[in-house]
Amino acid sequence: MTDIEGASARLAREIGNVLERNPQSRNILQAFEPILQEKARLAERIVCKQIDPSAIDRSRLAGGIPVIRQTPLLLPEDPWEEIVRAVIPAIIQGFPALRAELLVLQKGIDDGTIRLSDFYRAQDGHPVLARWAAAIVVRQVAIDFLLWAAEKPVLENRRRTLQEVLSTSGWDRGYCPCCGELPSVAVIHEKIPQRWLHCSRCGHDWRFSRTLCPCCARESQREMPYFFVEGREQETAFICASCKRYLITVNHIGDLEEHDPDVLAMGMAHLDLLMQQKGFLPMTVSAWNVFD
Amino acid sequence: MTNHYIDLKNSDCILIMGSNAAEHHPIAFKWILRAKERGAKIIHVDPRYTRTSARCDYHVPLRSGTDIAFLGGMIHYILTENKFFKEYVVNYTNASFIVDSGFHFKDGLFSGYDAKKRKYNKETWVFEKEGSGIPKRDMTLSHPRTVFQLMKRHYSRYTPDKVSGITGVSKENLLKVYAEYGATGAPDKAGTECYALGWTHHTTGSQIIRTMSMIQLLLGNMGIAGGGVNALRGEPNVQGSTDHCILYGNLPGYLKMPTASLDTLEKYLHKCTPETKDPQSANYYQHYPKFFVSLLKSFWGEKATPENGFGYHWLPKMDDGVAYSLMHLFDKMYEGKIKGLFAVGTDPAVSAPNTAKVRKALEKLDWLVGENIFDNETHSFWKGPGVDTKSVKTEVFLLPASASMEKEGSQSNSGRWVQWKYKAAEADGDAIPVGEITIRIMAEIQKLYAKEGGPNAEAIVNLKWDYTDRQGRYDALKVAKQINGYFLKDTVIEDKGTKTEFKKGQLVPTFGMLHADGATSSGNWIMSGSFGANGENKMAKRGKEDPTGLGLYPNWSFCWPVNRRIIYNRASCDMNGKPYNPKRKLLEWTGDKWVGDVPDGPWPPQADKAKGKYPFIMKADGLGALFGPGMAEGPFPEHYEPLEGPLAKNPLSGQLINPAIELFKSDLDKVANADARFPYVCTTYSCTEHWCSGALTRWQLWLLEMQPELYVEIGEKLAKEKGIQNGERIKVSSIRGEVPCVAMVTKRFQPFTIEGKTVHQVGLPFNYGWLFPKDGGDSTNFLTPTVGDANTFCPEYKAFMVNVTKL
Amino acid sequence: MKGIELVKLIDTSLCTACRGCQVACKQWNEVPAFRTKNNGSYQNPPDLQWNTWTLIRFQEYEDAGGKFTWLFRKDGCMHCTDAACVRVCPSGALYHTPFGTVGLRKEKCIGCKECVSACPFNIPRYDKATDKIYKCDLCQGRLQDNLSPACVKSCPTGALTIGAREAMIKKAHARAKALGGDANVYGDKFVDGTHVIYVLKEKPEVYDALPVNPHVPLSVMAWKDLLKPLSLVAAGGVLAASFLHYIIHGPKTPDDADNQTKEGGA
Amino acid sequence: MEMTRRGFLIVTGAVGSGVALSTFGLDLGPVRAYAEELDKAKRLKAAKQVTTVCCYCSVGCGLICSVDKVTGKIFNIEGDPEHPINEGSLCAKGAGFFDLTEANKYRLRKVLYRAPGGMDWEEKSWDWAIPRIARLVKDARDKGFVARNAKGELVNRAETIAHLGSSNVDSEECWLMVTKARALGMVYIDHQARV
């Protein structure tokens, strides 16, 4: 089995397992599966201008300056057309309600009124988006969603080339050393209970202290509050008393096989709901943790 | 420990002797195995083959009580084979000092011995001094009365043949260990030693440890990463309880308890404050008065004034030359002289020596206050086996205490890391922390004395005792700050030209800033600095930085003194401050300051004749003590037989047992040396499934299932001789008592050939007591003698004589 | 969880016999401790029992050259690929799991004890009180949650590790090679390979209660091919099992392993 | 934390903030129902984690306790992964640390008292026991107080009371016990470090 089929089969199996334990998340999982599968395939297939790892300033990185602040990770010359052509059908398959708008967007891209490279060339992307929205009758949120889906394979591809630099950077901050995003989900291993944060934008995992809040770095070894589902001790959400944020955390995650923390997080969407009802904010928006 | 647990990974050769690390310090053993993965050699020397031996490179059995002979032989080897690190020895130890001509050693005794008092007059154990008062030195180490030559002559008697005859270790094994460990004398090699109760439980315990310190000095292993002498202690906060000196002879911070003849503060301070004429010796204990006065201020606050000697007279005074240790305590209790006992988190009815005498003594108490998380044989002594309960008139209280995870506070591990821990859960029922119990009882006593008065009532009524929070509950943080110490008035501290101002009531950031005039208070000077001047609790720090890569973790918790992770670390550099082993750089002088671990003293390296200091700053003359006049039984460790051993004569000299130990004379303190009725050497130990007296682990059924009852481990040859089957219930007896148990016939005890004769050795764990589980066996210490080390009175559990008979 | 084929490696060269695994197994499976006696060995309970599914065996061994060493071996179910116990089990209590391990559905066990006599490693233990057999199922519940078994989780020295079959077998052989001497890998060569393998420092024949070449007993073969289908069809599991047990092993003797005393301490 | 999240979003261009599932026609009914069911059945438990240190040998391994906030009971103990000495692992006894909490039925929960000649323990209250102990201490101290020794030197000793223990309590508690003992004039003071 080539690596792509392997990853794809593993993803399908992971989603199957999550559905077994949390059937109520079926709609979310089935909506995002095509996008995640497509992202995995694209990240392997697309050819992007590689960032030379030696160009990263390691001391600035150790000082807390993520890669994205040292060099752009999304370039105008990236193969956006190829990505969009593959991503749009995947989104439509997952989100049939967006079918019409996405087809309009596809047409706009085909006839050149919408060139994603303009967005990534512009210092400030907002005017470009406004221009696009005016040119074709599509909701801003649909464009956002397309961009969000299109960026994932590029970020994933670039993050993999920087993996060695990232994992040896001694990074001890709560936000992602690669793309600067805050974590959407964390896992705590079972045998040696280290905490690993996961960035759902670029897919990077990094180890982080269990007594600090990733968002506001508050130290709280006296009391680290969290919630868990009775009978499902693995499903937890750690909260920070000072910045009032929560972080979905798979406690005592299994260590026998690789995991996709995003899929596991989708299976715990009920915890997102409950935390938000209690007035806590997620540390970041990961597309599947904001409901209305 | 001079070093600490993680530092074991830096070692090239680890001698585990007097310890069973794999069983009793498994996570420390993990670091030992990390060293082994890097190619280090791990040697286990122990009378018995244990689970530690199974994972070491090899195991060398030796007869219990002969460690000094074994180590003396190693000194002999190091000196004759020229393995010592010459530059280190000449410059950093007192090897070059010239000893007074009156000093001599003949047939087992040093000069100045008073047989009646069993004590030495040490006036000849001194160094010849120059006119200026600085000790004379022969840097060529050739003068016959240099410490080096005296030491060489002393240990010339410890030839491999002689040592083999005493220890029962084959010459081949002796030379194998000596060569392997002796190789760490090279500047780029580090050797370390791990010991525990296997070394302290002897009448010569302190001298065994001193012999190893001398070896480490000779090999240049003291003060370097992967070196030092490391005690793997048994209790979670034994380092903290020792630092705060729940010890008869000391006050918190290892300050000396005053004796009756020092009837004024001045006399006491004069006696306890060492002096030196050598400008290059930092002699840090010259600041002793600052530590002592600050301690008195922490007790009695404003009531302690210069006029009343800061309350010096309120302190009790020991009689000169009299000791009040655990064995003396039970001796007096047995005589009916002690009426009340506080027994907090302890089980002496199982763990103290000579259990028969201890339990008889307890019956004579008027009252006993126990504070613990489980009941044990001490708190319930009055319903023990063979006790006529009705006739025991003792009034007993057993107060339920919170366990360690049910209260906030600090614990020191034996690597001197003082770690703050938080309260996870409320204790169940009426249990409260021992701190709270102590506060409430003393507050109540203060009220009684305030109302009714009594002898030396000021000491009680004036005591500062406000350590509760707003709800009136025990406040650990308040006590910790009082221990750290405060400025009692606005103070300006001048240091290298910079002036810093501190306000009254501000925390003292380091003991260097303590005052002898009452301007500061500190409950324990070595803990001063556990708080920053800004109130930061350094014991709770969790910094993961390790800039040296040696595993020092300077920002993880507070390490006394002043966060120095490896003591005597300036000795890891040459006289110009350049590290002897650049690959394992602990410290380096960069021209104006030290870089690396917190230096053992900020002064420039020794080569700077004007401002430089010697590395051993706590010693009066600043140098490592190969010649140690402070010891009760002699400046050079000498092998003496245990109080109760197999030999009638000491093969090395005419002096059979340690001449300076105190002998107890009660009717229950019988001794049977070289006695045909008790022909086998016996030792005691613990097992990995239980912990100390078992007072916590015996109540846990999954652990008890694996080690359910008392057993004695006997060699196969001895068992065959006695017709004893494996698993058979038998009896082990000494002249003091007998202990029924199960026979465990094993290959892990081999007979020794001592002075040509076969001597068998057996051993028992001491983790059992009659209270629980029923018929699990009672205290092994029915067998052990009331005798202890000459300096510390630590009992000799590890070597006595028994017989083994069928029931 | 539809998992991958797993193998647990027991590297006896790293084991310090701290027996954390023995306690962790009982804690996780909530199995009671018994009031035991000391019968002259650290090894306690003395043997695998219905309440003891893994056991550290202590063995004092002197080789031909007189060199002494203390051997520790963690005993327990080997989770064979060609599992004799699964073959003979008439009620389907014993079954192969997707991980390659041998699972045990306690509710289905009818106490026929066929597996006890069929197992080449003498692992399953019978409990008279519940009339069922017990053995390590490699924490099937934990494996389904993608967690390693309780014993592997508790091991502080790294002697117990678990992972994909090929990787663990490769790791075992590499470790045996590094150790040199008589060090060998035990378990991957018989009964089509077991899912628990050892790195042993001495030859297998040195170790107590460790068969030199374990295989599925012939009687079990016959039972599987010829007799089992017939019996199940004709008279239902229970009757057939006891009838056939009589033929092959003689009358059902009262189990001698019933030496456990009252549960727990005083 | 000078690098805030908001700062990055603008730089990277992605504008995921507006994305909300319901606006894409996703039926979140099952998740909402499940969440509500958990809430109603009170299956969402509040807990906290606290760092502490092991109470067995003196290696000083770090632990993390998980505590149910409602019942206040510890329900899980694991190694502290950040602790540089044990790095999250535990030995057999450390892993059994849980058995020392109130989960162990043999833990002492009541003040126990045995009257002189009594055959068994009786349960008492703190308010009864503390004054009684204080009285016993004062009487024993005053009766046996030695102001001056045989040589007439001022010694202020309370020789009839002794203190033993403990190296299994916190350092602050050790200091309090020593301070109390010395203020009372005691000299017979010792503990497990001696044995």
Side-chain angles (χ1 to χ4, degrees), chain B residues 5 26-28 233 235-236 238 240-242 244 246 248 260 316-317 324 326 329 338-346 367 390 393 395-396 398 400 403-405 409-411 413-414 419 421-422 424-426 428-429 434-435 438 440 442 444-445 448 454-456 459 463 476 479 553 699-700, chain D residues 50 52-53 55-60 65 67 72 74 84-86 91 99-100 102 106 108-109 112 114 116-117 130 133-134 136 138 140 142 145 149 153 155-157 160-178 180 183 185 187-191 193-195:
Chain B
Y5 284 105
I27 298 296
R233 304 189 71 172
E235 298 247 8
V238 63
S241 59
T242 315
H244 292 292
I246 310 176
Y248 76 90
K317 308 287 184 296
Y324 304 80
L326 174 122
L329 187 153
I338 290 184
K339 298 304 173 193
L341 172 69
F342 282 92
V344 178
T346 183
W367 49 268
K390 265 202 228 31
K393 291 298 170 241
E395 191 169 346
V396 182
L398 181 49
S404 99
M405 78 298 283
S410 72
Q411 258 180 205
N413 79 0
S414 59
Q419 303 187 85
K421 60 185 179 64
Y422 290 92
E426 281 301 329
D428 199 17
V434 159
T438 308
R440 286 197 197 172
M442 191 57 178
E444 197 69 24
I445 293 172
L448 287 181
N456 195 19
L463 186 69
V479 180
Y553 291 102
W699 299 99
Q700 297 177 42
Chain D
V50 184
T52 185
V53 176
C55 79
Y56 278 116
C57 80
S58 72
V59 171
C65 297
V67 187
I74 298 174
I85 294 178
N86 59 314
C91 79
D99 242 355
L100 284 182
E102 47 76 41
Y106 295 107
L108 294 177
R109 288 167 168 77
L112 299 180
R114 185 258 180 180
I130 297 288
I133 292 170
L136 286 172
K138 181 165 195 318
D142 295 352
F145 197 77
N149 64 9
E153 295 158 320
V155 286
N156 279 339
R157 280 201 301 262
T160 54
I161 311 172
H163 175 95
L164 281 175
S166 157
S167 45
N168 194 357
V169 294
D170 294 348
S171 290
E172 292 72 29
E173 294 172 318
C174 294
W175 189 81
L176 283 174
M177 288 192 289
V178 165
K180 157 177 158 260
V187 282
Y188 286 109
I189 298 171
D190 224 336
H191 74 291
R194 185 78 55 191
V195 294

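Proteins come first, then strands; the chains are lettered A, B, ... in the order of their sequence lines, and each starts at number 1. All of these numbers come straight from a predicted model, not from anything done at the bench.
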Is [X] close to chain B through its backbone or its side chain, or both, or neither, when contacts mean heavy atoms under 4.5 Å?
| X | answer |
| --- | --- |
| D/Glu153 | side chain |
| D/Val53 | both |
| D/Val50 | side chain |
| D/Val178 | side chain |
| D/Cys55 | both |

Drop me the distance from [X]'s [atom1] to [Y]'s [atom2], to the nearest 0.5 angstrom.
| X | Y | atom1 | atom2 | result |
| --- | --- | --- | --- | --- |
| B/His244 | D/Ser171 | NE2 | OG | 4.0 Å |
| D/Arg194 | B/Ser241 | CZ | OG | 11.0 Å |
| B/Leu326 | D/Leu164 | CG | CG | 5.5 Å |
| D/Leu176 | B/Thr438 | CG | OG1 | 6.0 Å |
| B/Glu235 | D/His191 | CD | NE2 | 8.0 Å |
| B/Asp428 | D/Leu108 | CG | CG | 11.5 Å |

What residue in [options] has the most heavy-atom pairs under 4.5 Å with chain B?
| options | result |
| --- | --- |
| D/Ala193, D/Gly165, D/Cys174, D/Ala162 | D/Ala162 |
| D/Leu112, D/Val59, D/Val169 | D/Val59 |
| D/Ile74, D/Asp99, D/Thr160, D/Asn149 | D/Thr160 |

Please assess B/Phe342 against D/Lys180 for the test side chain to side chain contact (heavy atoms under 4.5 Å, CB included), listing each intermediate value before the final yes or no.
CA-CA 12 Å; B/Phe342 282 92; D/Lys180 157 177 158 260; 3.8 Å; yes
Under a 4.5 Å cutoff for heavy-atom pairs, which residue among [options] has the most contacts with chain D?
| options | result |
| --- | --- |
| B/Asn413, B/Val479, B/Val396 | B/Val396 |
| B/Gly409, B/Ser414, B/Pro455 | B/Pro455 |
| B/Ala403, B/Ala424, B/Ala425, B/Ser404 | B/Ala424 |
| B/Lys421, B/Glu395, B/Gln700 | B/Glu395 |
| B/Ala28, B/Pro26, B/Gly340, B/Gly240 | B/Gly340 |

Please classify the contact between [X] and chain D as side chain, backbone, both or neither, with a heavy-atom cut-off of under 4.5 Å.
| X | result |
| --- | --- |
| B/Tyr553 | side chain |
| B/Glu426 | backbone |
| B/Leu341 | both |
| B/Trp699 | both |

Parallel, tilted or perpendicular: rings of B/Tyr324 and D/Tyr188 (30°, 60°)
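Perpendicular: the ring planes of D/Tyr188 and B/Tyr324 meet at over 60°.
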Between [X] and [Y], what is the shortest heavy-atom contact and its length?
| X | Y | value |
| --- | --- | --- |
| D/Leu136 | B/Trp367 | O-NE1, 3.6 Å |
| D/Gly60 | B/Gln419 | O-NE2, 3.0 Å |
| D/Cys91 | B/Ile27 | N-CD1, 4.2 Å |

Go through the side-chain N and O atoms of D/Glu172 and B/Ser410 and say whether any donor and acceptor fall under 3.5 Å apart.
yes
Checking B/Ile246 against D/Met177 for the side chain to side chain contact (heavy atoms under 4.5 Å, CB included) test, could you report, in this order, the C-alpha distance in whole Å, the side-chain angles of both residues, the deciding distance, and whether it holds?
CA-CA 8 Å; B/Ile246 310 176; D/Met177 288 192 289; 4.1 Å; yes
Step by step, would you call D/Ser58 with B/Tyr5 a side chain to side chain donor-acceptor pair (under 3.5 Å)?
CA-CA 10 Å; D/Ser58 72; B/Tyr5 284 105; 3.0 Å; yes
For the pair [X] (side chain) and [Y] (backbone), establish whether a donor and an acceptor sit closer than 3.5 Å, ignoring hydrogens and angles.
| X | Y | value |
| --- | --- | --- |
| D/Arg157 | B/Lys317 | yes |
| D/Ser166 | B/Gly345 | yes |
| D/Glu173 | B/Val434 | yes |

B/Leu398 vs D/Arg114, side chain to side chain contact (heavy atoms under 4.5 Å, CB included): CA-CA, chis, key distance, verdict
CA-CA 8 Å; B/Leu398 181 49; D/Arg114 185 258 180 180; over 6 Å; no
In sequence, state the C-alpha distance, the side-chain angles, and the governing distance for B/Tyr422 and D/Thr52, and then conclude on side chain to side chain contact (heavy atoms under 4.5 Å, CB included).
CA-CA 6 Å; B/Tyr422 290 92; D/Thr52 185; over 6 Å; no
